[in-house]
Every structure is written in structure tokens, then in C-alpha cells.
Amino acid sequence: MTEVSDEIIEHYRSIDEGSRITDGHGRLEFARTQEIVRRYLPEGNLRVLDIGGATGVHAAWLAADGHQVALFDVVPEHVATAQRLAASTSGITASLADARSLPVADADFDAALVLGPLYHLTERDDRLAALREARRAVRPGGWIFVAAISRFASLFDGLARGFLYDPEFQGIVRTDLATGRHRNDDNHPDWFTTSYFHHPDELRQECLDAGLRVIDVVGVEGLAGWLPDLGERWNSTADRDVILQFTQAVESEPTLRGLSSHLIAVNQTPS
């Protein structure tokens with residue numbers, strides 16, 4: 001099992017991952033992720049596994065919805081923050097663990113969120129190991145939500161924020177498009193960290209190869225995620241509703257999935 005690199009751990013120590021998806025442009029990703037997960041989760045109080053759950057942003061709303069959430073993350077500082085949340089929030093536990101080897105019993109959960117680990121497992125065997133571990137932990141017929149970064153994310157981000165006009169960033173994008181392997185060897189603060197970027201069809205196939213039943217692969221943000229005035233539009237309730245309505249309208253369109261920065265594969269475990 002490949003070790004998670006110090007570079008990745010240090011990247012998450014250097015940023016506020018919680019505010020990334022609750023402020024600014026990240027609010028679209030957060031709202032869409034909530035809607036997608038809630039759309040498929042069955043009624044009732046469920047046991048939910050939050051794998052790579054960071055500081056507990058998703059665990060918080062899942063617990064508020066009445067679910068029991070067990071969060072695991074590989075970054076010690078994330079776990080410490082999530083444990084502070086758990087101390088003041090009923091229904092959450094938080095522990096340190098690798099997505100590929102979880103200290104949980106077989107079929108002990110009704111659902112699992114895998115909303116970060118695949119970003120940084122650059123080897124296919126490691127990604128499949130994480131998906132199989134989630135499958136092991138979730139009961140037959142349970143739900144597993146798997147997030148990935150789109151193969152085309154750095155290209156569109158570079159166009160939207162002007163990075164693409166830097167020859168160094170152009171080289172990074174060419175490698176991303178050709179291999180999916182994203183590297184930021186000079187640690188430029190806006191160019192992310194070592195990652196794997198999935199083609200939408202590849203994400204579907206990896207879920208299938210891990211023994212999951214794929215219900216859908218959806219684009220999370222769509223074109224709206226790249227618009228410079230998204231933050232201003234989001235502050236208007238009417239505009240926000242329009243953005244969410246029409247992003248969902250094309251979420252499963254094969255020719256548009258890769259336009260989103262993030263993808264979510266919706267899966268069930270075999271019955």
C-alpha cells in the first residue's frame with residue numbers, strides 16, 4: 001500500500017478545508033453534494049461512514065439530519081478538528097485512519113461517503129483498494145458516494161483564473177490531460193497538490209471494478225463553477241435557485257460531465 005505523501009499532508013495543513021466548501025465558489029460544490037447525497041439516502045436514521053471526511057463539514061449536516069456518522073481521515077489536524085466538532089455535536093465520531101484500511105466491521109454501515117480519498121491516490125490499485133474497503137464496510141444494498149476531480153479541471157481552472165497563460169502551468173495541464181496525474185512540484189499555492197484527475201468514464205469503470213453497482217456518474221458544479229460572478233449570483237436566492245436547477249438538469253449528460261470540477265459516482269453495494 002503506497003504511503004500518503006508528506007506533500008499532500010502538508011497541503012491540507014496549510015489550508016482551511018472546511019471553509020473551502022462553505023465560502024465563496026465552494027458553496028456550489030457543497031450545496032450540490034448535499035442534494036445528491038440526500039436524493040439517494042433512504043428515510044430513517046442511518047449509520048454513515050464518512051471516509052476522508054476532513055474537518056467534519058459533511059458529517060455536521062448528516063448528523064443534523066439524524067444520522068450517526070463515523071468520520072475517518074488521514075490528516076491528524078483534520079481529525080483533531082473533527083473531534084472537537086464531535087464533542088459538541090451528537091451523532092459524530094472522528095478517528096485517524098487510511099481509506100484503504102478502516103477499523104470497522106463488515107457491513108456495519110448503511111452508507112458511505114468517499115468524497116476525497118480518490119483525489120490523492122494516484123495509483124489505480126490504491127483507488128480500487130479504497131473503493132473495496134468502502135464496499136466491505138457498507139451493508140448489501142447500501143449506498144456509496146464517490147467523488148473525483150475531473151480530468152479537465154486544471155484546464156478550465158487555468159482559463160478561468162488566468163494560470164493557463166503561464167508556460168509552467170501549461171506543462172502541468174498537458175500532463176493532466178494525457179495521464180490524469182497532477183503534480184505541482186514547485187508548490188505554487190494556487191495550483192493544488194499531487195492528485196489524480198479522473199475521466200468520467202474512468203470513474204465509472206473503477207467503481208465497477210471494485211464490485212459496486214453504478215447508478216449514475218454526475219457532474220457536480222457544471223459550467224457555473226467556473227463563472228467569475230458565481231459568488232455574487234449565489235448571494236441572490238433567486239439566482240442561486242436557477243444555478244442549482246439547471247446544473248442538476250445537465251448533471252448526467254455524458255458530453256458535459258467533464259466540465260464540472262468535481263464528479264460524484266452514485267453506487268450501491270451488491271444485494
Side-chain angles (χ1 to χ4, degrees), residues 1-30 33 51-58 71-82 96-100 114-127 129-130 147-199 202-203 220-221 225-226 228 230-231 258-263:
M1 185 167 67
T2 308
E3 291 294 321
V4 177
S5 74
D6 291 341
E7 174 195 347
I8 294 169
I9 300 296
E10 288 303 320
H11 169 78
Y12 283 104
R13 284 174 171 156
S14 71
I15 66 170
D16 183 349
E17 177 63 10
S19 65
R20 183 190 70 79
I21 62 171
T22 56
D23 297 336
H25 277 50
R27 292 176 291 176
L28 173 58
E29 176 193 347
F30 184 49
T33 299
I51 306 169
T55 57
V57 170
H58 293 297
L71 179 152
F72 293 95
D73 200 272
V74 75
V75 180
E77 289 80 1
H78 283 177
V79 174
T81 300
L96 189 69
D98 191 295
R100 296 162 293 177
V114 188
L115 300 184
L118 263 60
Y119 300 175
H120 303 297
L121 296 173
T122 58
E123 298 297 328
R124 186 176 188 274
D125 286 349
D126 287 326
R127 295 193 297 274
I149 299 173
S150 166
R151 176 64 58 88
F152 314 104
S154 60
L155 169 60
F156 295 136
D157 190 38
L159 282 168
R161 297 205 282 168
F163 305 145
L164 196 61
Y165 305 102
D166 184 318
E168 183 181 352
F169 193 76
Q170 292 171 22
I172 291 173
V173 170
R174 288 190 184 97
T175 301
D176 293 351
L177 294 174
T179 70
R181 293 174 181 268
H182 178 83
R183 296 281 305 177
N184 178 14
D185 292 330
D186 292 334
N187 293 317
H188 190 291
D190 293 318
W191 294 358
F192 204 38
T193 187
T194 298
S195 310
Y196 189 80
F197 293 176
H198 280 80
H199 189 284
E202 181 183 27
L203 177 60
V220 176
E221 302 96 340
W226 304 117
L230 174 62
L259 181 58
S260 289
S261 178
H262 296 88
L263 309 164

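In this structure, Asp186 contributes its side chain and His188 its backbone to no donor-acceptor pair below 3.5 Å. A donor-acceptor contact shorter than 3.5 Å links the side chain of Ser150 to the backbone of Gly258. Distance alone, capped at 3.5 Å, places no donor-acceptor pair between the Trp226 side chain and the Leu159 backbone. Side-chain N or O atoms of Arg127 include one that pairs as donor or acceptor with a backbone N or O of Thr122 at under 3.5 Å.
Classified by interplanar angle (parallel below 30°, tilted 30° to 60°, perpendicular above 60°), the ring pair His198/Tyr196 is perpendicular.
Gly56 and Ala82 make their closest contact through N-CB, 4.4 Å (heavy atoms, listed as atom of the first residue, atom of the second, distance). Shortest non-hydrogen contact noted between His199 and Arg151 is N-CB, 3.8 Å. The nearest pair of heavy atoms linking Leu96 to Asp73 is CD1-O, 3.2 Å. Contact record, Ala147 with Leu118: O-CB, 3.8 Å, taken as the closest heavy-atom pair.
Here CZ of Phe163 is found 13.5 Å from CD of Gln170. Values are rounded to the nearest 0.5 Å. Atom CG of Leu155 sits about 11.0 Å away from atom CZ of Arg174, to the nearest 0.5 Å. Taking CG of Asp98 as the start and CG of Leu121 as the end, the distance is 7.0 Å to the nearest 0.5 Å. A distance of 11.5 Å separates CG in Leu203 from CD1 in Ile149, rounded to the nearest 0.5 Å.
Under the side chain to side chain contact (heavy atoms under 4.5 Å, CB included) criterion, Arg183 pairs with Glu7, Asp185, Thr194, sequence neighbours left out.
Between Leu71 and His78 the shortest side-chain heavy-atom distance does not fall below 4.5 Å. Residues Ile21 and Thr33 fail the side-chain proximity criterion, which asks for heavy atoms closer than 4.5 Å. Between Phe192 and Asn184, the closest side-chain pair of non-hydrogen atoms is not below 4.5 Å. Residues Ile51 and Pro117 have side chains in contact (heavy-atom distance under 4.5 Å, counting atoms from C-beta outward).
Ion pairing of Arg27 with Glu221 is absent here, as no side-chain N (NZ or NE/NH1/NH2) approaches a carboxylate O to less than 4.0 Å.
Ring centroid separation for the pair His262 and Tyr119 comes in under the 6.0 Å cut-off.
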Taking it one step at a time, do Leu164 and Val173 satisfy side-chain contact (heavy atoms from CB on, under 4.5 Å)?
CA-CA 8 Å; Leu164 196 61; Val173 170; 3.9 Å; yes
Given side-chain contact (heavy atoms from CB on, under 4.5 Å), test Leu177 with Phe152 step by step and report yes or no.
CA-CA 7 Å; Leu177 294 174; Phe152 314 104; 3.7 Å; yes
Criterion side-chain contact (heavy atoms from CB on, under 4.5 Å) on Glu77 and Thr81, from CA distance to verdict
CA-CA 6 Å; Glu77 289 80 1; Thr81 300; 5.6 Å; no
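When Phe169, Trp191, Phe197 are each tested for a ring pair (Phe, Tyr, Trp, His ring centres under 6.0 Å) with His182, only one passes: Phe197.
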